[in-house]
There are 2 protein chains.
Amino acid sequence: MKVAKKKKIDDGSAEQKIKEAARKLFTEKGFDAVKTRDIAAEAGINLALLNYYFRSKEKLFDIVMVENFEQFIQQLIPVFGNESLTVEERFVQITTRYIEMLKANPDLPFFIMNQMRGDSSKLLAVREKMTKVREAFLQNIGKNMAGGKVTQTNIAHFMMNYMGLIIFPFIARPMLMKVNNLSKKEFDDLMEERKALVPLWLNAIMKAK
Amino acid sequence: MKVAKKKKIDDGSAEQKIKEAARKLFTEKGFDAVKTRDIAAEAGINLALLNYYFRSKEKLFDIVMVENFEQFIQQLIPVFGNESLTVEERFVQITTRYIEMLKANPDLPFFIMNQMRGDSSKLLAVREKMTKVREAFLQNIGKNMAGGKVTQTNIAHFMMNYMGLIIFPFIARPMLMKVNNLSKKEFDDLMEERKALVPLWLNAIMKAK
DNA sequence: TCTGATTTTAATCATTTGATTAAAAAAGTT
DNA sequence: AACTTTTTTAATCAAATGATTAAAATCAGA
């Protein structure tokens, strides 16, 4: 009677476990830094299973990437298009939602920025989504702009500022936590504050000069 | 006098060429994505030379990293400490200098952020520099703050905002260029504009609410 | 020019890493 | 149970990769 009990506590299918492990590691460290054996270990499965289910490391990564891009962009469009809200309300709502999402996925922005460098061949799948985001911005910043009219330049600066205020803290999170001696909770509290502050600041920026 | 002519066009010693190639590639793509053979090829030298001069890929990377960190921080301290300038003037000058430097080294911020994640063992060499930056900020934002007094929270938010406005565009540069269809020159022109705009915006933010 | 040190090269090694294979184990069907 | 299919494993492969070595080329000083 050797393996009478056989620990089959199997939380979730192997396929699912692999995908989750891959998502965690890839998002955290990027494609090159993660080895297939790391993923197998993290998922607690045999290395061969990875190739059995996903054919290759790259295929697995692609899946993770598309999902991550979706999550990164997802939240923006619906709110921006909501006609029953004033533009200002939209920005408050977007900011709140977005920071909320980022608190749960703090490594996401860095992952995205990392992908946007490197080979753009993979980005075909997400290119149209990017365009949509730009259009959403375009239709929402017109009346708030200082001069009153929207230019190419305006839009670019605005995106940089808005995304910078929301996203940058998460990209720089490890540095900010080290430099300012912040615990994870303290960092999250700061982000919580920014839900209300960023729209305020953004308004001040647009009115400035 | 044998080798009077000898094609010794040799721009720089092999050691220098290796370091430059390494700096370029590591800064662009990170440690894992760059292979020692890539560096050798880029430098136009034999692979063994890399190990002859620098012992290992990691040693070479460490050199590049420390130099990059120096460049990243360098410019801040002297200006922040300049007593002959008003605080506002300091921010204008820092912003201008910093954007100038980043235009010449657009991949630097991403490299730095990338290093701050990952193993913090290597960061011991740059830790004190980080602390200095924080102190410099601390001594320069007091009087401009809305409430008049500086708190832990204030500093952190301020760093996020200021660095976000200056640095984030360079981190998101590939994305911003794709989404907004910007040429390299157009991007640089935007950055040029921000030299004057960021201090303005920053002021507006601090006064806001 | 000769000699010894330095620099560079080609060839090779050992490990890592992504992937495959053949077979065992488990689950499902009749 | 008998079998068929699906899932999982251990063993192994081939290529990529960081590193080393011994010898060749170059250089510096007499």
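First the proteins, then the strands, lettered A, B, ... as listed; each starts at 1. Side-chain atoms are counted along with the backbone in the values below, which use heavy atoms only and exclude waters and symmetry mates.
Taking the side chain of A:T36 as heavy atoms from C-beta on, and the options C:dG18, D:dA19, C:dA10, the nearest nucleotide is C:dG18. When the nucleotides D:dG18, C:dT9, C:dG18 are ranked by their closest atom to the side chain of B:N46, C:dT9 comes out on top. Candidate nucleotides C:dT17, D:dT17, D:dA19 were compared by shortest atom distance to the side chain of B:K35, and D:dT17 ranks first. Between C:dT21, D:dA19, D:dT20, one nucleotide has an atom nearer to the side chain of B:A48 than all others, and that is D:dT20.
Atom CZ of B:R37 is separated from atom P of D:dA15 by 14 Å (rounded to the nearest Å). In this structure, CG of A:D32 is placed 12 Å from P of C:dT17, rounded to the nearest angstrom. Here the C1' atom of nucleotide C:dG18 and the CG atom of A:L25 are 16 Å apart, to the nearest Å. Following rounding to the nearest Å, A:N51 (CG) and D:dT12 (P) show an atom-to-atom distance of 18 Å. Between the C1' atom of D:dT7 and the CG atom of A:L47 lies a distance of 16 Å, rounded to the nearest Å. Counting to the nearest Å, the P atom of D:dT21 and the CZ atom of B:R55 are 11 Å from each other. For the pair A:K17 NZ and D:dT7 C1', the interatomic distance rounds to 12 Å; values are reported in whole Å. Computed from coordinates, the A:F31 CZ to C:dT17 C1' distance equals 11 Å when rounded to whole Å.
Across all strands, B:L50 comes closer than 4.0 Å to no nucleic acid atom at all (heavy-atom distances).
Taking all atoms of both residues into account, the shortest heavy-atom contact from A:P199 to A:F91 is CG-O, 4.3 Å. A:P169 and A:R194 get closest at one heavy-atom pair: CG-NE, 3.9 Å.
Counting heavy-atom neighbours within 6.0 Å of B:K132 NZ, excluding the residue itself, gives a total of 12 or less.
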Nucleotides 4-7 of chain C: which of its N/O atoms have a protein N/O under 3.5 Å away?
unit_1: C:dT7; atom_1: OP2; unit_2: B:Y52; atom_2: OH; d: 3.4

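Between B:F111 and B:F61, the ring-plane angle classifies as tilted under the 30° and 60° cut-offs.
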Practice prompt. Any chance you could lay out the side-chain contact (heavy atoms from CB on, under 4.5 Å) test for A:M65 and A:F26, step after step, and finish with the verdict?
Written response: CA-CA 9 Å; A:M65 188 192 58; A:F26 280 142; over 6 Å; no
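The side-chain tip of A:K57 points at the ring of A:F31 from less than 6.0 angstrom away and within 45° of straight on.
Within the structure, ring-ring contact (aromatic ring centres under 6.0 Å, His included) pairs that include any residue of residues 163-195 of chain A comprise A:F170-A:F187 (at least two apart or interchain).
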